Amino acid sequence: MTQPNRLDDGGVLIDRSHKIKFFFDGKPYNGHPGDTLASALLANGVKLVNRSYKYHRPRGIVSSGPEEPNALVNLGSDATHEPNIRMTQIELHDGLDATSQNRFPNLDADIGVLNAAASRLYPAGFYYKTFIHPRHAWKYLFEPVIRRIAGLGKAPTHPDNSQYEHTYAFCDVLIAGGGVAGLVAAKAASEAGARVILAEQTERLGGRLLVDDDAEIDGKPARVWLEETIAALEAMDNVTIRLRTCCSAAYDHNYCLLYERSGDRGEAAQVRHRLWRVRTARVIAATGMIERPIAFHYNDVPGVMLASAVRDYVKLWGVSPGEKTVVYTTNDDGYRTALALHEAGRTVRAILDSRKDPSGPLVEKARAAGLEIRPNTGIGKAKAKRNKLEQIETVNFDKPEAPGKTMYCDCVAMSNGWSPVIHLYSHSGGKALWDEDAVMYRPDPANPPRGKDAEAMVFVAGSANGELTTDAVVAQAAEIASEALSQLGMKTSAVAPSVTAVTETTTVPVWCTPSPGKAGLGGKHFLDYQNDVTVADVALAAREGYESVEHAKRYTTLGMATDQGKLSNINGHAILGKTLGKTMAEVGTTTFRPPFTPISFGSIAGRETGNLFKPVRQTAMHDWHAAHGADWEPVGDWRRPYRYQRGDEDRDTSIHRECLRVRNSVGILDASTLGKIIVKGPDAPKFLDMMYTNMMSSLKPGKCRYGLMNNENGFLMDDGVVVRLDEETFLCHTTSGGADRIHAWFEEWLQTEWFDFKVYVANVTEQYSQIAVAGPKGLELLGSLDSDIDFAAVPFMGMAEGTVEGCPVRAFRISFTGELSYEFAVPVSFGLALWEKLHAKAEALGGGVYGTEAQHILRAEKGFVVIGDETDGTVTAHDVGMSWAVSKKKEDFIGKRAMERSDLTRPDRKQLVGLLTEDPNEVLPDGAHGVENGKAIGHVTSTYFSPTLKRSIAMALINGGRARFGEVIQISTAKKKTIRAVICDPVFYDKKGERQDV
Amino acid sequence: MLLIDCPCCGVSGEETEFAAGGEAHIVRAGPGSSDADFASYLFDRKNPRGVHFERWRHAFGCGKWFHMVRSTQTLEVFGVYKADVTSPPQDILDRVEAARAEGRVK
Amino acid sequence: MSELDLSLARPILEGVSDTGANGLKLFVQLLRGMVTLRADLSSPSVAAAVKDVTGSDMPDVRKATENVLWMSTDELLLLMPYGEGGAVAAKLGEALAGEHHLAVDVSDARSLFKLEGGAAREVLAKGAPVDLARDKFAVGDLRRTRISHIAAAFWQSGAEPDVFEIICFRSYANYLWEWLEESSREGSMPGIL
Amino acid sequence: MAAKRKPRYSIFSLARNSMSHHQGWEKAWRSPDPKPEYDVVIVGAGGHGLATAYYLAKNHGITNIAVVEKGWLGGGNTGRNTTIIRSNYLQDSSAALFELSRSLFETLSQELNYNIMFSPRGVLMLAQTEHEKRAWQRTHHATRLNNIYTEWADTKRVKEICPIINTDPGARFPVLGGLWQPRGGTARHDAVAWGYARAADDLGVDVIQNCEVLGIDREGGKVTGVQTTRGAIKCGKLGIVVAGNTTRLTDMAGFRMPLESVPLQALVSEPIKPCLDIVVMANTVHGYMSQSDKGELVIGGGTDGYNAYTQRGSFQHVEETVTALVETFPIISRLRMLRQWGGIVDITGDRSPIISKTPVDGVFVNCGWGTGGFKATCGSGHCFAATIAKGEPDAVAAPFSLDRFSEGRMIDESVAAAVAH
């Protein structure tokens, strides 16, 4: 397993002393520590690594970084399976097992390729023009086929058991990018005393300085300066440097995401990914540039690569992608690659330069090295053999029709100039300007993303700002850093390093290389490799009226692949402009959206999965309930015992047992989740009169009153028993879900509307466990308690305070079951103790616990409403027959005015009624509707089999229902069958209420 | 994601510590108001593309309601002030005017 | 006649977890008396009453003394031995008679945790959007905020090693405990604070 | 110049054009200059506005129409939503409107001769609490009475319909079942706008892009025209269909609206091979997910709690949604978010839309679709066109008039559960 394309020496990142074995499509290969999967495969002479999305054309590695459009693979299997990973970002590690994707049966013989033969039939947007008839064919025939062909990697099939972490972090300056500009900025910021975080997406600092190391900085060789600078920064304790960490997004007010991939190298890592949510005063984006490809006929065959990438592989990893390379460039940078290959002892077949008379130091150096330079020339077309580049044909820009020269080569290194990476500048609204001379979009200093103080919050440093040469990069980075710092009132003592670097001359871009013959029209000049978008596609979109850059993008899918157009956008926009006769500035650009590169869903979820996904609230008796067979009903975040199962009895059996227990002996219920709010102050009575529909100021101390609460729309929002503890102090009970909502509601009115009221509110829901004791044997139970309270003397809707079995309690004589009933409020710490005592006493009397479902049935038998069951946010107190609880005396209360509106006073509104099915054993389905000549006239709100009455009962909201007692109506069920039921009074049991008030 | 200064406890906190409460300085219409005025109180909102006077609550913090003046266009914040007033303080209004003069907001 | 029996009182959970990460320790504290006092904190008589029942001066905004926590512009949380909450509330009631206030015993409403060790800041920083750098958050500082999904407050009560005390509403105690334990795992610290 | 009939799209036209390397295709729509006067001016060339123009021309014979758009057509919420189409609504008036729309989607490709890729793959709304279960069952009964086919799916059936859902009963929010509408689904959002634009253009409608309305001219309480960046345009009737920007327009017309504009989040994953063939909505945890034909998981998130016109929005909503979906679909944990974006939605007091006359004679509004506008595109355009043509709302539109707010006649879908439309 030799590595044919590994150079004999060179490769600053790899450790040749160690070998790493890895697999691609099941075949074993060797690489070295420091390799990426891409560099290792290139070293092994692997050219074909993927198939394209639409035409399934053979594709190879194009780049060396996050912009890679082609070289995507599946990694791992089962719980570790992960699709669509860029080979250029995978650090090689032992046992790495990668498989190519989007091919069948294998890369070399992919049957999808048949597409290409008919590819002329599939221009941009072809699917909008066909598959229209017959109507059902789209769902049943065309779409399924398209779905199977589309998509990239395989979907995972197993849950992921890796660990993901979050952290919040704060700093003065967040620097994105650890290249020379980032380092210069970091130095300046750290010496100004700023808190600095520097995030570098790769595993190394230095950026292009590691490759293009011919500059001298502060009189030292670039590499020496680099090592010294890094060491200096690492020594500063106000600087945090994170490698493998990408600044993925810069949101409003400088809330930034760092995506740290610390655990992606095979070993079982404690933390796979960590998502940093960083709030920083300023961002310095030193995010560099991305080289642009050149469009020419079949510029996608494996072996055609970015010139900078070819150079990276040579210098960083000691790999030459090809034996014979043709360099095709529109600027000086291509010459660097030619020279690098030449120095590495590889053949540079020729340098094709779009410029008429290329000049400048780099060009001279190439000439001096004896390299063949062909000015005013490009590649007319490339030709592949066995899925690999075999030859190219040159074209002269002045005589494109003339036959060109054929050159045999296995690698093309192309350079069409550079695009600054300004994503972070754009994420929160920064604008870009087209610089015609530099041939690139640069950040528009007049329109930066602005923070809450309207100051610029993102600053762009170095080549990301369009600086091409090291000296310019360093100077600009130092300047922009001190500008950012001075905004923060900081001054840096750092002086910009002096740099001597090779100068470069201008770029003459080629947006589409003319091709001889028919290729001129039918040619496949690829712009977006991954989505198979060609020059012809973009031109077609423009011709068809999809003129806006967004239309063209969406119509052709240009720039919508997983690389988000990092390579293709500018070339594509240029073609659009050419076709429309518009300048780049007129064409405009699409918006960069976060994240810069894709981030894992796992990292976004962090640790908040499983038990930590959302909190569950527990009462003091939670474990006791669990130990006694409770199954749970979620109420808000609470879990309440729905019923207590005995042995393997079914739900109904236990629920009915619990109901009858309360009717016939005595039951106890954990009511701790009820909201409890203290309202105190001289204006408390006045305040509560506003909050409740009924009068609370007239309530006597020591007495309880059931109260209803409206929202301003006049609809019921909550209910509960209000207790007046003393003249100034009230205790308001709310529904279980409602405590926090109602507490906030009280505070809102007190703080924002009636801030002159002298009222303080405290939410004491969590201070008390609440236990209901209900049933005819209730008094007997209480009588047997060791207590200083004379329960018999407590009147209905009265209260008492004292000690019960050693626990401090408040006892309220209120009933939600219709039985004689007391509710004990006891400090939560005593809750379990009192509960166990009461339970023992209840069992001794043949009673015991009951759950929420029994409670629901018992209250339904009594016709008591439950907010959220009988009401749904559109129901008034009058609708549910509780006009008695709506004060006519009070001038005003929340929702009073709303209840006067025409629709809320309609006589035919839905009103709460009871329903008795003609067949007493037939229980109406939940939510079933009453029907009259095909129209719904209302719906069932609660429906049960009543064990007390030994028949089904239901409550319903029926149009004008209260006037219709005795009428029989049809209830339709989903199963198309209708059930007959009689409308009646919703109070089914003990209408006079004698049992609760003995 | 907004960074919000609570004028009550002085915290400069993440948006997720706060709860938005909609347009500020809406005068409550009660009994006696016309249907139109009442509907307007409940539902009509200025909803400007520009300077918005709004209510917030430091829900996970000191629990206090307060006012914030913010551009719904640029998210620039012109200031915060306590809840127990019926109109914004002058210095904030001045800042808004200045921003308008500079054409930063509508 | 029935007597109050304090021995019946139980915290909702008990435990100590020695998580190993930088000698991190996590405790659930035993019951603690707590009283919520809402009043005009600038009033001298309020300050006097607080001093009288706690021996502590009025804390500054977002500060915690040994036994008085600043909760809001008009709210304090007073700490005392468990069982004394009722008496303290009553005492405040007398002292502030005639002055608009609310003093209520909430000794059972919250659970109290203690997080101790070098990594304590980083554990909290995983779930609380608060700048916990040493020079930004020190002994005596208090913050009411979010930890993960829930409302909580914490204050620093010791340094070298850092000690943070954390309270949340009692029904959430199990969630917060599990969250803190998970987040304290060895090898999971970002290593920045 | 009036448009001449365009050649129709088909596999044959495609084949014919491939011979000429596709040089022969005509423009999908013209780029006309505004005429001085139109019978009707529609502001907003989103799906709703273009559909309105199309149905005005097609159903009501009014062809002297301009659709003016400040940006590019279909560039607002039409091109930013998660393309869900369903009509399983609780309230009769909502059901009528959304089912009209859904049924028009069924044949829209043929109607417009443009493949909008309506894919009735089925929409499943999960019930993850007892309360939500009861709410969906109530909705289920209601839809059946409105002749909208839905099924109640128990947990087992949910797993059959969507195998990648986590149905572990011990989950924090266990799947207790779901409301299944087999004829709900998705469509290609851009294609809907483009198809309507091409068909409207074909009927003579002028679609005028890059033309922002700066003012609304009135005389004696009646609209007379609009001032635009491309000059004054007279009109007899004015239809405002601009979603999040409605208040800006109605301010120009001099009346207030019960609206607030807030950012809504959406995101997509990288494309993967098919793993989710239906649309799943999990309202309890605020997660909505489907898989596009391209293979991307298309995910809808929540709205920001505060007014904003920035088409961005906050990350915490993405965080909340993705966390919920990782919990509901554990296999997606290792997939990656490719891009997120925001749209500006306008939300009314009862979260239901407004299709209505206004205090200004001749001015009509169609707005307040909140997070649910795309699915309504056809029905909205259909009955808004009727409303504009007749000057009075048709039967479907009537319940959605502005006066419901003063009457207290709320159309509240949230009563069933916390439903995002």
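Order of the sequence lines sets the chain letters (A, B, ...), proteins ahead of strands, with each chain counted from 1. None of the values given here were measured: they were computed from a predicted structure.
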Q) Do C:Y172 and A:D637 have side chains that get closer than 4.5 Å, going by heavy atoms? A) yes

Q: Please look at A:T803 and chain C and tell me whether the side chain, the backbone, both or neither of the residue comes under 4.5 angstrom of a heavy atom of that chain.
A: both

Q | Heavy-atom proximity to chain A below 4.5 Å, by part of C:L8 | A | both

Q: Please flag which part of A:R279 lies under 4.5 Å from any non-hydrogen atom of chain C: side chain, backbone, both or neither.
A: neither

Q) If you count heavy-atom pairs under 4.5 Å between each of C:S171, C:S188, C:P129, C:A173 and chain A, which one has the most? A) C:S171

Q: Looking only at non-hydrogen atoms, find the nearest pair between C:D108 and A:P827 and report the distance.
A: OD1-CB, 3.3 Å

Q: With a 4.5 Å cut-off on heavy-atom pairs, point out which of C:A125, C:P11, C:G86 contacts chain A the most.
A: C:A125

Q | Region of A:L834 that comes under 4.5 Å of a non-hydrogen atom in chain C | A | neither

Q) Is the shortest heavy-atom distance from the side chain of C:R170 to the side chain of A:R617 under 4.5 Å? A) no

Q: Considering only heavy atoms and a distance below 4.5 Å, find which of C:R38, C:R10, C:E182, C:E178 pairs most often with chain A.
A: C:R38

Q.
Can you tell me if A:K614 has over 12 outside heavy atoms packed within less than 6.0 Å of its NZ?
A. yes

**Q.** Pick from A:R607, A:H166, A:R277, A:Q163 with the largest number of heavy-atom pairs that fall under 4.5 Å of chain C
**A.** A:R607

Q | Residue pair A:W276 / C:I192, side-chain heavy-atom distance below 4.5 Å | A | yes

Q: Could you check which of A:K758, A:R242, A:E260 has the highest count of heavy-atom pairs closer than 4.5 Å to chain C?
A: A:K758

Q) Of the non-hydrogen atoms in A:P615 and C:H149, which two are nearest, and what is the gap between them? A) CD-CB, 3.8 Å

**Q.** Ionic contact status for C:D135 with A:R195, cut-off 4.0 Å
**A.** no

Q) Would you call C:L4 and A:F830 a side-chain contact if the rule is heavy atoms closer than 4.5 Å? A) yes

Q: Against chain A, label C:A128 side chain, backbone, both or neither, depending on which of its atoms sit under 4.5 Å from a heavy atom there.
A: backbone

**Q.** Heavy-atom contact with chain A under 4.5 Å, split by part of C:N174
**A.** side chain

Q | Close aromatic pair by centroid cut-off 6.0 Å: C:H100 and A:Y760 | A | yes

Q) Taking every heavy-atom pair that is under 4.5 Å apart, which of A:T240, A:V271, A:V616, A:N611 has the most such pairs with chain C? A) A:N611

Q) Taking every heavy-atom pair that is under 4.5 Å apart, which of C:L176, C:V130, C:L132 has the most such pairs with chain A? A) C:V130

**Q.** Flag, side chain of A:Q767 to backbone of C:S107, donor-acceptor distance under 3.5 Å
**A.** yes

Q | Validation row: A:V764, C:V106 side chains within 4.5 angstrom (heavy atoms) | A | yes

Q) Measuring heavy-atom distances to chain C, does A:Q618 have an atom under 4.5 Å in its side chain, in its backbone, in both, or in neither? A) both

Q) Are any of the side-chain heavy atoms of A:E165 and C:P190 separated by less than 4.5 Å? A) no

Q: Specify which of A:T619, A:D623, A:V759, A:L832 makes the most heavy-atom pairs with chain C at under 4.5 Å.
A: A:V759

Q. In Å, rounded to the nearest 0.5 Å, how long is the span from CG of C:L6 to OG of A:S829?
A. 10.0 Å

Q. Do C:R110 and A:E766 come within less than 4.5 Å of each other through their side chains, counting heavy atoms only?
A. no

Q.
Does atom CD (C:E66) have a neighbourhood of more than 12 heavy atoms from anything else shown, all under 6.0 Å?
A. no

Q. Does C:Y175 reach the main-chain N or O of A:L612 with its side chain, forming a donor-acceptor pair under 3.5 Å?
A. yes

